[in-house]
K.L.:
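Questions regarding the structure given below will be posed in turn.
Being a predicted model, the structure only gives us computed values, none of them experimental. The residues of the chain are indexed from 1 along the displayed sequence.
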Amino acid sequence: FSAVITFGLNALRGRKQIRKGVWGGAWNSSNAQEFMEYTVSMNYPIDSWEFGNELSGSGIGASVGAEQYGKDLVELQKIVDQLYENSSKPLVLAPGGFYDKQWFAKLLDVSGPNVVRGMTHHIYNLGAGNDPHVANRILDPQHLSRVSDTFRDLQLTVQRHGPWSAPWVGEAGGAYNSGSRTVSNTFLDSFWYLDQLGQSAKYDTKVYCRQTLIGGNYGLLDTDTYVPNPDYYSALLWHRLMGNGVLSIDFGGTSYLRAYAHCGKQKGGIALLLINLSQNMGSMVTVRNDLNVGLAQGQGITRDSSFVHGLKRTVSWVGSKASDGLEKREEYHLTAQDGNRFARTMLLNGVPLELTEDGDIPPMYPVQVSASSPIYVAPLSIAFVVFPDFEADAC
């Protein structure tokens with residue numbers, strides 16, 4: 001196991017407070033440089049250095065203007081260039097704050113080409129952790145979809161002002177102020193989390209950092225026992241099954257059924273994530289091979305920057321191999337223990353996901369199903385479905 005380390009640097013050092021909440025003046029880089037020199041002397045591999053925390057736009061508690069911030073990033077990049085050989089040069093990330101269109105655009109304009117390689121932004125779209133409406137927001141498709149505006153806008157900002165950069169989610173925990181005591185460590189939390197991973201990937205997000213691994217109510221691991229919470233297993237399944245290639249999907253039917261499609265990761269083919277937000281309606285999803293229709297209309301699946309187009313309505317696929325009806329697909333159905341959405345234990349295909357006696361992650365086996373039969377997604381459940389034999393041109 002090797003950790004990929006991003007380290008955050010204090011971007012307020014050396015500045016003066018101009019007025020309440022607003023800081024100005026140049027950054028004093030001496031402390032950061034000393035620390036970076038130490039990591040180099042110890043041969044610690046640092047993937048990236050992130051400049052500042054929540055100082056963008058109007059900031060959280062403090063803010064710095066984009067013009068000055070951009071100049072300071074140029075200085076940080078110079079330090080990185082001096083300290084590292086090309087092969088091991090860490091990326092510079094910024095600003096680690098909430099998206100503000102004009103501020104982010106100006107930051108890229110001022111810092112210039114090949115300085116900020118990851119535009120890190122934070123997302124807490126469920127409100128405060130002590131807000132009683134957090135649980136309802138998680139199951140509201142309109143509420144969940146609103147965050148797509150941020151992903152889309154940041155993608156456009158990067159394309160127009162800094163194509164050398166890429167969108168990163170530097171922090172996301174659903175509910176801010178340590179998350180919700182009654183929701184963040186339960187089965188229900190995986191609905192917004194997996195949905196947001198799907199949305200972020202659609203808009204070319206390269207890295208998604210979950211707040212937190214350990215700490216607060218929103219840790220993937222329980223803060224006291226280190227036992228995995230349901231979101232840990234959701235993240236693990238995403239990591240194992242969903243590849244980097246994102247397939248566009250035009251899904252007909254209810255807004256309570258969310259669908260995301262990627263190239264498969266381990267076995268090729270494609271992987272599908274289906275999330276049923278409805279508390280009382282199951283959904284049948286039909287997957288059919290539209291080879292002949294697709295070719296007749298000249299569609300196929302073609303790359304389009306971050307997206308791949310071609311998956312059609314009611315989830316029908318354009319693949320390059322006709323089905324002979326013998327292929328199998330692999331299904332991973334996630335449900336709540338005892339049907340309680342606030343359960344701390346999640347079931348995979350009816351089996352509780354709990355550590356083994358040795359404290360290891362349990363085996364996570366799929367069920368094998370004929371690839372041509374409809375997929376049933378039960379109320380308040382999540383399904384990962386892998387079609388290993390499906391050949392999408394884009395994958």
K.L.:
Could you tell me whether a side-chain N or O of R329 sits under 3.5 Å from a main-chain N or O of V385, the two making a donor and an acceptor?
P.N.:
no

K.L.:
Between the side chain of S63 and the main-chain N/O of G59, is any donor-acceptor distance below 3.5 Å?
P.N.:
no

K.L.:
Look at the side-chain heavy atoms of Ile, Leu, Val, Met, Phe, Trp and Tyr, link any pair under 4.5 Å apart, and say whether Y232 and V227 land in one connected group.
P.N.:
yes

K.L.:
Set out, in order, the CA-CA distance, both residues' side-chain angles and the distance that settles side-chain contact (heavy atoms from CB on, under 4.5 Å) for F387 and E327, then state yes or no.
P.N.:
CA-CA 8 Å; F387 292 81; E327 288 100 347; over 6 Å; no

K.L.:
P95 versus E54: any side-chain heavy-atom pair under 4.5 Å?
P.N.:
no

K.L.:
Q102: which residues meet the side chain to side chain contact (heavy atoms under 4.5 Å, CB included) condition with it, sequence neighbours left out?
P.N.:
D100

K.L.:
Would L9 and M36 satisfy side-chain contact (heavy atoms from CB on, under 4.5 Å), going step by step from the backbone distance to the final call?
P.N.:
CA-CA 10 Å; L9 298 170; M36 292 162 81; 4.2 Å; yes

K.L.:
As an exercise, state the distance from CG of L348 to CD1 of I382, rounded to the nearest 0.5 Å.
P.N.:
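The distance works out to 11.5 Å.
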
K.L.:
V169 and side-chain contact (heavy atoms from CB on, under 4.5 Å): which single residue from T150, L154, T205 fits?
P.N.:
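Among the candidates, only T205 passes.
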
K.L.:
Any ring-ring contact (aromatic ring centres under 6.0 Å, His included) involving residues 10-47? Give me the pairs, sequence neighbours left out, ordered by first then second residue.
P.N.:
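Residue pairs with at least one partner in residues 10-47: F7-F35, W27-F51, F35-W49.
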
K.L.:
With distance as the sole criterion, is a donor-acceptor pair present between the side chains of T120 and E50 under 3.5 Å?
P.N.:
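Indeed, the side chains of T120 and E50 share at least one donor-acceptor pair under 3.5 Å.
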
K.L.:
Applying ring-ring contact (aromatic ring centres under 6.0 Å, His included) as the test, list every pair that has at least one member in residues 139-171; sequence neighbours left out.
P.N.:
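Sorted result for residues 139-171: H121-F151.
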
K.L.:
Check for me whether R344 meets the cation-pi criterion with F187, that is, NZ or CZ under 6.0 Å from the six-membered ring centre and within 45 degrees of the ring axis.
P.N.:
no

K.L.:
If you count every heavy atom of other residues, nucleotides or ligands that lies below 6.0 Å from D360 atom CG, does the total exceed 12?
P.N.:
yes

K.L.:
Please report the closest heavy-atom contact between N349 and E331, naming both atoms and the distance.
P.N.:
ND2-O, 3.2 Å

K.L.:
Find the distance between CD1 (I361) and CG (L355) and round it off to the nearest 0.5 Å.
P.N.:
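Separation between the atoms: 5.5 Å.
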
K.L.:
To the nearest 0.5 angstrom, please state how far the NZ atom of K206 sits from the OG atom of S200.
P.N.:
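Answer for the NZ-OG pair, K206 versus S200, is 11.0 Å.
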
K.L.:
Taking S29 for its side chain and A32 for its backbone only, find out whether a donor-acceptor pair lies under 3.5 Å.
P.N.:
no

K.L.:
Hey, are D358 and T356 close enough side-chain-wise for a donor-acceptor pair under 3.5 Å?
P.N.:
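The criterion, which ignores hydrogens and geometry beyond distance, is not satisfied for D358 and T356.
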
K.L.:
Can you list the residues that meet the side chain to side chain contact (heavy atoms under 4.5 Å, CB included) rule with L347, with sequence neighbours excluded?
P.N.:
T335, Q337, P352

K.L.:
Pairing donors with acceptors under 3.5 angstrom, does anything connect the side chains of S178 and N217?
P.N.:
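No - no donor-acceptor pair under 3.5 Å links their side chains.
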
K.L.:
Look only at the side chain of S373 and the backbone of S370, and say whether a donor-acceptor pair between them is shorter than 3.5 Å.
P.N.:
yes

K.L.:
Which value, rounded to the nearest 0.5 Å, describes the distance between L12 atom CG and N28 atom CG?
P.N.:
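Between L12 CG and N28 CG, I get 12.0 Å after rounding to 0.5 Å.
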
K.L.:
Determine whether L241 and V369 fall in the same hydrophobic cluster, where Ile, Leu, Val, Met, Phe, Trp and Tyr are linked whenever their side-chain heavy atoms lie under 4.5 Å apart.
P.N.:
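No, separate clusters.
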
K.L.:
According to a 4.5 Å side-chain heavy-atom criterion applied to Ile, Leu, Val, Met, Phe, Trp and Tyr, with indirect links allowed, do Y260 and I123 form part of one hydrophobic cluster?
P.N.:
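Cluster IDs for Y260 and I123 match.
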
K.L.:
Begin with the C-alpha distance, continue with both residues' side-chain angles, and end with the deciding distance and a verdict on side chain to side chain donor-acceptor pair (under 3.5 Å) for D222 and T225.
P.N.:
CA-CA 6 Å; D222 183 278; T225 64; 3.2 Å; yes

K.L.:
Heavy atoms, side chains only, cut-off 4.5 Å: are L83 and E37 in contact?
P.N.:
yes

K.L.:
Are I46 and L91 connected in a single hydrophobic cluster, I mean Ile/Leu/Val/Met/Phe/Trp/Tyr linked by side-chain heavy atoms less than 4.5 Å apart?
P.N.:
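Hydrophobic grouping puts L91 apart from I46.
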
K.L.:
Can you find a heavy atom in the side chain of L93 that is under 4.5 Å from one in the side chain of V116?
P.N.:
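Not touching, per the 4.5 Å side-chain cut-off.
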
K.L.:
Between R15 and A11 (side chain of the first, backbone of the second, donor and acceptor by atom type, cut-off under 3.5 Å), is there such a pair?
P.N.:
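Checking the backbone N and O of A11 against the side chain of R15, a donor-acceptor pair under 3.5 Å is found.
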
K.L.:
Do L197 and V183 sit in one hydrophobic cluster, given that two such residues count as connected whenever their side-chain heavy atoms are within less than 4.5 Å of each other, even indirectly?
P.N.:
yes

K.L.:
Got a donor-acceptor contact below 3.5 angstrom from the W238 side chain to the Y233 backbone?
P.N.:
no

K.L.:
Taking all non-hydrogen atoms of both residues, which atom of S165 and which atom of V158 are closest, and how far apart?
P.N.:
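Taking S165 first and V158 second, the nearest heavy atoms are O-CG1, 3.5 Å.
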
K.L.:
To the nearest 0.5 Å, what is the distance between OH on Y176 and CZ on F98?
P.N.:
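It comes to 9.0 Å.
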
K.L.:
With rounding to the nearest 0.5 angstrom, report the SG to NZ distance, C395 to K265.
P.N.:
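Atom-to-atom, C395:SG and K265:NZ are 13.5 Å apart.
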
K.L.:
Restricting to non-hydrogen atoms, name the atom on Y376 and the atom on H333 that form the minimum distance, rounded to 0.1 Å.
P.N.:
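In this case the closest contact between Y376 and H333 is O-CE1, 3.1 Å.
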
K.L.:
Would a 4.5 Å heavy-atom cut-off, applied to side chains only, mark S278 and T254 as touching?
P.N.:
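The answer is no, as the side chains (C-beta and beyond) never meet within the 4.5 Å cut-off.
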
K.L.:
Go through the side-chain N and O atoms of N229 and Y218 and say whether any donor and acceptor fall under 3.5 Å apart.
P.N.:
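Per modelled atom types, N229 and Y218 side chains form no pair under 3.5 Å.
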
K.L.:
Which atoms form the tightest heavy-atom contact between G21 and Q17, and what is the distance?
P.N.:
N-NE2, 3.3 Å

K.L.:
State whether the side chain of Q199 and the backbone N or O of L144 hold a donor-acceptor pair below 3.5 Å, judged by distance alone.
P.N.:
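The answer is yes, because a donor-acceptor pair under 3.5 Å joins these two groups.
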
K.L.:
Test D389 against K328 for salt bridge (charged side-chain N to carboxylate O under 4.0 Å, His left out), laying out the working first.
P.N.:
CA-CA 8 Å; D389 299 312; K328 296 273 189 230; over 6 Å; no

K.L.:
Which pairs with one or both residues in residues 123-133 pass side chain to side chain donor-acceptor pair (under 3.5 Å), sequence neighbours excluded?
P.N.:
Y124-E171, N125-Q196, D131-R137

K.L.:
Are any non-hydrogen side-chain atoms of I138 and D189 less than 4.5 angstrom apart?
P.N.:
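Side-chain contact under 4.5 Å: yes.
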
K.L.:
Just checking, any donor-acceptor pair under 3.5 angstrom between side chains of T157 and Y99?
P.N.:
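A pair is found: one side chain offers a donor N or O, the other an acceptor, under 3.5 Å apart.
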
K.L.:
Side chains of F384 and L194: does their closest heavy-atom pair fall under 4.5 Å?
P.N.:
yes

K.L.:
Which heavy-atom pair separates A175 from V134 by the least distance, and what is that distance?
P.N.:
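Heavy-atom minimum between the residues: CB-CG2, 4.3 Å.
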
K.L.:
Before you tell me yes or no, could you show the steps for R152 and D149 under salt bridge (charged side-chain N to carboxylate O under 4.0 Å, His left out), namely the whole-Å CA-CA distance, both residues' side-chain angles and the distance that decides it to 0.1 Å?
P.N.:
CA-CA 5 Å; R152 187 185 300 107; D149 293 341; 3.0 Å; yes

K.L.:
Are R240 and M364 side-chain neighbours, meaning at least one heavy-atom pair lies under 4.5 Å?
P.N.:
yes

K.L.:
Identify the two heavy atoms, one from F104 and one from G97, that lie closest to each other, and give their separation to 0.1 Å.
P.N.:
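Heavy-atom minimum between the residues: CZ-O, 4.1 Å.
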
K.L.:
Any ring-ring contact (aromatic ring centres under 6.0 Å, His included) involving residues 340-370? Give me the pairs, sequence neighbours left out, ordered by first then second residue.
P.N.:
none

K.L.:
For the side-chain contact (heavy atoms from CB on, under 4.5 Å) test, which of N276, V377, I275 pairs with R258?
P.N.:
I275

K.L.:
Just so I know, are the side chains of P379 and M281 near enough to count as touching, which here means a heavy-atom distance under 4.5 Å?
P.N.:
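No - every pair of side-chain heavy atoms lies 4.5 Å or more apart.
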
K.L.:
Tell me, with the steps shown, if T212 and L220 meet side-chain contact (heavy atoms from CB on, under 4.5 Å).
P.N.:
CA-CA 6 Å; T212 62; L220 294 181; over 6 Å; no

